[in-house]
Amino acid sequence: MPNDIWLAIGLMAVGSYVSRASGYWLMGFVTLTPRVRNWLGAIPMAVVGAVLGPAALAAGIPECVGFVTAFVVMRRTGNDLFGMAAALVAVAGLRFLL
Amino acid sequence: MNPPPFTRAGFVAGARFMVVPSFGTFFYGIGVGILAAQVGLSLAALLGMSAVVYAGAAQMVALQTWADPVPVVAVALIAFAVNTRYILLGAALRPWFSGLSPLRAYGSLFVMGDGNWLLSIKEYESGRNDAAVLLGSGVVNYAFWFAGSWAGYAVGRQLGDPRHFAIDFLLTAFFVVNAVAIWKGKRDLAPLLVAGIAAAVSQKLLGGPWFIIIGAVAGSLTGLVRRPSHAE
């Protein structure tokens, strides 16, 4: 029975690595035309949208302020660490106060 | 085609960039460790899982379906299915990594996660194309993931509520600041909005972790539809 656990974990590892490697591998067979590059270039912002969309919907007041804080501080300073720190301070502070 | 640089300096830079965001990863790992303890997994199995799977959402979903005897095929399929978004992430690396040796490319892909991928893409789009950034950032993130899993399993409940310090918001904030960094203009609006709406809708309708891949594919297709122009 313990063998089943290690088999399961091993297969999970294979499944995870296949998902990580297959996209890169498959694109090796595709000619990188301008249209294909446009598609690939849209992926980062799409991933951001897919991750943040539901998070934004689920956000309470502290988290909404956190979003805005991270955005504004990053825009103003260009410093990602400041942006993250400011957002955490805002969220933690508002959670404490509200 | 000439391969991109892949240097120790790039590795170190990637590693340093990832230290702060990895606290969020550590927190996430704690959650997985706590869940593993709850379902009765041994510490060795949990550490082994975090070491070879290294995928938070997949581990979470798999552990939620854990039973005795373990449903081997189900959890293996879960690990692949939940991680399907990585197919897109890997594809997006092709223009950059083209020409890199298979060892460097596929080795780096082992430690690719959402966070260090986005960070690396940001570097690439800012003109810094040292491909070792992905590996360096991945190794740091990996270490924090492993440590967090262990900490969660061993002492999770006693670590206090991380929500007090908003650590649970760290990865979200990380995504926001990196989104600002990679923003190139109006053409980024379509993928962002389409992905956000598609993800939100699919999360409401389907639940589970599918919303990321659905949203990301939907958003990326806006890039396909856009006519390539010389102004790009």
Side-chain angles (χ1 to χ4, degrees), chain A residues 1 4-28 30 32 34-35 37-57 62-63 66-67 70-71 74-75 80-81 83-84 87-89 91-92 95-96, chain B residues 20 45 48-49 52-53 55 58 62 69-70 72 75-76 79-80 83-84 86-95 105-106 109-110 112 118 121 164-166 169-170 172-177 179-182 188 191-193 195-196 199-200 203 211-212 215-216 219-220 222-224 226 228:
Chain A
M1 224 174 316
D4 268 4
I5 293 182
W6 292 105
L7 177 64
I9 292 174
L11 289 180
M12 283 179 70
V14 170
S16 299
Y17 186 70
V18 166
S19 64
R20 287 179 155 117
S22 56
Y24 180 76
W25 182 70
L26 286 171
M27 288 310 296
V30 175
L32 300 181
R35 190 174 287 276
R37 286 177 183 267
N38 278 350
W39 167 55
L40 295 179
I43 288 175
M45 221 54 202
V47 170
V48 166
V51 168
L52 293 183
L57 279 190
E63 291 79 21
F67 268 96
F71 177 80
M74 181 60 187
R75 286 282 285 187
D80 53 351
L81 293 180
M84 288 189 278
L88 290 205
V89 167
V91 174
R95 282 178 180 170
F96 179 73
Chain B
V20 169
M49 187 194 283
V52 301
V53 175
V70 58
V72 173
V75 297
F80 175 75
N83 288 329
T84 46
Y86 287 147
I87 296 175
L88 274 188
L89 270 53
L93 290 174
R94 194 81 208 188
Y106 291 102
L109 284 168
F110 179 71
M112 177 180 73
L118 185 63
I121 288 279
H164 286 321
F165 304 104
F169 196 75
L170 182 52
T172 302
F174 172 79
F175 261 74
V176 171
V177 299
V180 172
I182 66 173
D188 282 334
L192 180 73
L193 290 181
Q203 196 197 39
F211 65 93
I212 297 187
S220 71
T222 64
L224 209 54
R226 190 159 46 90

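Every chain is numbered from 1, with letters handed out A, B, ... down the list of sequences.
Options A:Pro44, A:Gly41, A:Ala56 differ in how many heavy-atom pairs under 4.5 Å they form with chain B, and the most are formed by A:Pro44. For chain B, the option among A:Ala55, A:Ala87, A:Gly28 with the highest count of heavy-atom pairs below 4.5 Å is A:Gly28. Ranking B:Ala179, B:Gly215, B:Gly48, B:Pro191 against chain A, the residue ahead of the rest is B:Pro191, based on heavy-atom pairs under 4.5 Å. Among A:Gly10, A:Gly53, A:Ala42, the residue with the largest count of heavy-atom pairs under 4.5 Å with chain B is A:Ala42. Of the listed residues (B:Ala200, B:Ala45, B:Ala62), the greatest number of heavy-atom pairs within a distance under 4.5 Å of chain A belongs to B:Ala45. For the set A:Ile43, A:Leu57, A:Val91, A:Val48, the entry with the most heavy-atom pairs within less than 4.5 Å of chain B is A:Ile43.
The main-chain N or O of B:Met112 is found under 3.5 Å from a side-chain atom of A:Arg20 such that the two form a donor-acceptor pair.
Proximity to chain B involves both the backbone and the side chain of A:Leu88, based on heavy atoms less than 4.5 angstrom apart. If you measure heavy-atom distances from B:Leu170 to chain A, the contacts under 4.5 Å come from both the backbone and the side chain. Looking at A:Leu32, only its side chain comes within 4.5 Å of chain B, counting heavy atoms on both sides.
To the nearest 0.5 angstrom, A:Leu40 atom CG is 11.5 Å from B:Leu89 atom CG. Rounded to the nearest 0.5 Å, atoms CG (B:Asn83) and CE (A:Met12) are 8.5 Å apart.
Shortest non-hydrogen contact noted between B:Ala195 and A:Ala50 is CB-N, 3.7 Å. Taking both residues in full, the closest heavy atoms of A:Ala13 and B:Val53 are given as N-CG2, 3.7 Å, listed atom of the first, atom of the second, then distance. Closest approach of A:Arg35 and B:Leu224 over heavy atoms only: NH1-O, 2.7 Å. Between A:Gly15 and B:Phe80, the shortest heavy-atom distance links the atoms O-CD1, 3.5 Å. Closest of all the heavy-atom pairs between B:Ala166 and A:Arg95 is CA-NH1, 3.6 Å. Of all non-hydrogen atoms in B:Val176 and A:Phe67, the two that sit nearest each other are CG2-CD2, 3.7 Å.
Residues A:Tyr17 and B:Tyr86 have side chains not in contact (no heavy-atom distance under 4.5 Å, counting atoms from C-beta outward). Between B:Leu88 and A:Trp39 the shortest side-chain heavy-atom distance falls below 4.5 Å. A heavy-atom distance below 4.5 Å is not found between the side chains of B:Leu118 and A:Val47.
The side chain to side chain contact (heavy atoms under 4.5 Å, CB included) search around A:Ala8 returns B:Trp66, B:Val70, B:Val72, B:Val75, not counting sequence neighbours.
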